[in-house]
Amino acid sequence: MADSPSFRRYPLASSVDLVRWLPSSSISPSGRLLAAAVHDPTSGSFASSIRLLPLSDPVSRLASVPLPSRATALRCSHAALAAATSSGSLHFVPSSFDSDAAVSVPGGAGFHVGPVRGLDCGGEEWVTAGEDGRVHVVGGVADGRVVTRRMWDGKGMSGYEAARWASPVEFATGGAGCGVQWWDRRKGDAIVAQCNGIWGRGIVTGMVHSIDIHPSRKHICVVGGSSGTVFAWDLRQPQELIPISVLGLNETAEPVCESEVWEVLFDTYTKSSDIISSASARILPVMMCSEDGILAVVEQDKRPLELLAESCAINSFDIDPQNPSVSPWLHLVK
C-alpha cells in the first residue's frame with residue numbers, strides 16, 4: 001500500500017449492526033450513499049431499522065425503513081437492498097428507497113425460525129441461510145412477487161452463519177457443524193463439495209462466520225471463523241486448506257487476532273507485488289475485521305497489515321466496489 005490509511009469517525013446515537021455501500025443512485029446523483037442497520041432500544045416498536053445515509057454526512061439520515069427485529073444480515077444489489085433479521089424475516093427495499101414499495105417474507109415455519117445470518121444476491125435470485133439449519137433461494141424480487149424455495153433443512157443439527165454466490169447456479173454456505181459447503185443447482189440443488197473444520201496447521205475454527213468468493217477466481221473461497229482464523233479453500237484441491245491469517249515464524253504461528261473474525265472480503269485496493277495475473281496460484285489479499293477490534297489485510301505467507309485497532313469489536317465493514325482506491329473502507333464498531 002503506497003499511502004497510510006486515514007479514518008474519519010462519525011458517532012451515531014444508535015447501535016450500528018451492519019453497514020454497506022450502495023450503488024450510485026438517482027436519489028443522490030451528486031454523492032455516494034451508505035446503508036446501515038441500526039438498533040435503538042429506546043425507540044420502542046421502531047427499535048430496529050435500515051437507514052439511508054449520505055457519505056458526506058453519515059450522521060444525517062435521508063430515509064429509514066423499520067424492521068420487526070434486529071438486523072442480522074445486510075446486502076445490496078443494483079435493484080434492491082435486502083435485510084434479514086433475528087426473527088427470521090427477510091425484507092427488500094427497492095433502489096429508490098421507497099418504503100411503500102418494500103416487500104418482505106415473514107419469519108416462521110414456512111421460512112426461517114430464528115436469525116438469518118447468511119444472505120447474498122446472485123443476480124435474479126437471493127440465497128438465505130439461517131441458524132435453524134435451513135437454506136432458501138428467493139426469487140421474484142424485481143416484480144414484487146417474492147417466491148421462496150427451501151433447498152435444505154438441517155432440522156437443528158447444524159446452523160448457518162454465511163452464504164455467498166459464486167455464479168448464478170453455484171453458491172457456498174458455512175456455519176457451525178457443517179464447515180463450508182459448495183452447492184450446484186445444475187446437480188439437483190445439491191451439495192457437491194464440503195470442507196469441514198480442521199484443527200492444526202494454523203487453521204483452528206469451530207465456526208464459520210463469513211465467506212467471500214473473488215469474481216475472477218470463482219473456485220476459491222476465503223473463510224473467516226473463530227479463534228482468529230482466515231483460510232482459503234480451493235475447489236480444485238478440496239482436501240487442502242490454505243491458512244492466510246497466520247505467518248509461521250520459527251515453527252510458531254502468529255495470528256493477526258485471536259477472536260471471532262466477523263467479516264472477510266477480498267481486498268481490491270491493497271496490491272500485492274507477488275500477484276501479477278489472475279493465473280497466479282497465490283491467494284489474493286483479504287481484508288478482515290474481528291471481535292477484538294482489528295481491521296487488517298492478510299495475505300498468504302506475509303505479515304498482516306493492521307489498519308486499525310479499536311478498543312471494542314469491529315463487527316462489519318465494506319469496500320466500495322465502484323471506487324476502491326478512494327475512501328475504500330467503510331467500517332463500524334459496536
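All residue numbers refer to positions in the sequence shown, counting from 1.
In this model, a donor atom of one side chain and an acceptor atom of the other lie less than 3.5 Å apart for S316 and E263. Inspection of the T85 and S87 side chains reveals an N or O donor paired with an N or O acceptor under 3.5 Å.
A 4.5 Å side-chain heavy-atom check between E299 and L305 finds every atom pair outside the cut-off. Residues P23 and C76 form a side-chain contact, since some pair of their non-hydrogen atoms from C-beta on lies under 4.5 Å apart. By the 4.5 Å heavy-atom criterion applied to side chains, T229 and V261 are not counted as neighbours. With a 4.5 Å cut-off on side-chain heavy atoms, V65 and H91 do not count as touching. Taking the side chain as every heavy atom from C-beta outward, L34 and Y10 never approach each other to under 4.5 Å. Contact annotation: the side chain of L33 approaches that of L62 to within less than 4.5 Å [non-hydrogen atoms, C-beta and beyond]. Taking 4.5 Å as the limit, every side-chain heavy atom of D120 sits out of range of all side-chain heavy atoms of F171. Using a 4.5 Å cut-off on side-chain heavy atoms (C-beta onward), M288 and P304 make no contact.
Remark: side-chain polar atoms of R75 are paired, donor with acceptor, to backbone N or O of L119 under 3.5 angstrom. Counting only distance, with no hydrogens or angles, the side chain of E291 and the backbone of E260 share no donor-acceptor pair below 3.5 Å. Not a single donor-acceptor pair under 3.5 Å links the side chain of R51 to the backbone N or O of V38. Checking side-chain atoms of D40 against main-chain N and O of S14 turns up no donor-acceptor pair under 3.5 Å. Counting only distance, with no hydrogens or angles, the side chain of D189 and the backbone of M151 share no donor-acceptor pair below 3.5 Å. At least one donor-acceptor pair under 3.5 Å links the side chain of S226 to the backbone N or O of M207. A distance-only check finds no donor-acceptor pair linking the side chain of S104 to the backbone of P106 [under 3.5 Å]. For the pair D132 (side chain) and G114 (backbone), a donor-acceptor distance under 3.5 Å is absent. A donor-acceptor pair is defined here as one N or O able to donate and one able to accept, closer than 3.5 Å; no such pair exists between the side chain of S210 and the backbone of G224. Distance alone, capped at 3.5 Å, places no donor-acceptor pair between the D318 side chain and the V19 backbone.
Across all their heavy atoms, S77 and C121 have their closest contact at CB-SG, 3.7 Å. Taking all atoms of both residues into account, the shortest heavy-atom contact from F97 to S64 is CE2-N, 4.2 Å. Nearest approach of R150 to A109, heavy atoms of both residues: NH2-O, 3.0 Å. When all heavy atoms of T72 and L18 are compared, the closest pair comes out as C-CD1, 3.6 Å. Nearest approach of G174 to I211, heavy atoms of both residues: N-CD1, 3.6 Å. Of all non-hydrogen atoms in L284 and R217, the two that sit nearest each other are CG-NH1, 3.7 Å.
For the atom pair SG (C221) and CD1 (I242), the distance works out to 11.0 Å, reported to the nearest 0.5 Å. A distance of 8.5 Å separates OG of S167 from CD1 of I213, quoted to the nearest 0.5 Å. Rounded to the nearest 0.5 angstrom, D17 CG and N315 CG are separated by 6.5 Å. Taking CD1 from I283 and CG from D234, the interatomic distance works out to 6.5 Å, rounded to the nearest 0.5 Å. Note that CD of Q181 and CD1 of I191 are 3.5 Å apart. Values are rounded to the nearest 0.5 Å. In this structure, NZ on K155 lies 7.5 Å from CZ on R134, to the nearest 0.5 angstrom.
A chain of hydrophobic side-chain contacts below 4.5 Å, direct or via other Ile, Leu, Val, Met, Phe, Trp or Tyr residues, connects L241 to W182. Cluster annotation: L81 and V141 are assigned to distinct hydrophobic clusters (Ile/Leu/Val/Met/Phe/Trp/Tyr, side-chain heavy-atom contacts under 4.5 Å, transitive). The hydrophobic clustering, which links ILVMFWY residues whose side-chain heavy atoms are closer than 4.5 Å, places V223 and V192 together. L67 and L22 fall within a single hydrophobic cluster, where Ile, Leu, Val, Met, Phe, Trp and Tyr are joined by side-chain heavy atoms under 4.5 Å apart, directly or via other members. Under the 4.5 Å side-chain heavy-atom criterion for grouping Ile, Leu, Val, Met, Phe, Trp and Tyr, V103 is connected to V105 within one hydrophobic cluster.
Residues forming a side chain to side chain donor-acceptor pair (under 3.5 Å) with E131 (at least two apart in sequence, or on another chain): R117. Residues satisfying the side chain to side chain donor-acceptor pair (under 3.5 Å) test with W165, not counting sequence neighbours, are none.
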(request) For the pair E125 and R185, evaluate salt bridge (charged side-chain N to carboxylate O under 4.0 Å, His left out) and give the outcome as yes or no after the intermediate values. (result) CA-CA 12 Å; E125 294 182 309; R185 304 190 62 195; 2.3 Å; yes

(request) Using the side-chain contact (heavy atoms from CB on, under 4.5 Å) rule, take W183 and V135 through it: C-alpha gap first, then chi angles, then the decisive distance, then the call. (result) CA-CA 11 Å; W183 303 71; V135 177; 4.1 Å; yes

(message) Test side-chain contact (heavy atoms from CB on, under 4.5 Å) on L12 and V59; report intermediate values, then the result.
(response) CA-CA 6 Å; L12 303 180; V59 177; 4.0 Å; yes

(request) Take L295 and F7 through the test side-chain contact (heavy atoms from CB on, under 4.5 Å) and record every step on the way to the result. (result) CA-CA 12 Å; L295 181 69; F7 296 90; 4.1 Å; yes

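Ionic pairing of E310 and R9 is present here: one or more N-O contacts between side-chain nitrogen and carboxylate oxygen are shorter than 4.0 angstrom.
The aromatic rings of H136 and F111 sit tilted relative to each other, their planes meeting at an angle between 30° and 60°. Under the 30°/60° scheme for interplanar angles, the aromatic rings of W126 and F92 are found to stand perpendicular.
The number of heavy atoms from other shown groups lying within 6.0 Å of CD (E258) does not exceed 12.
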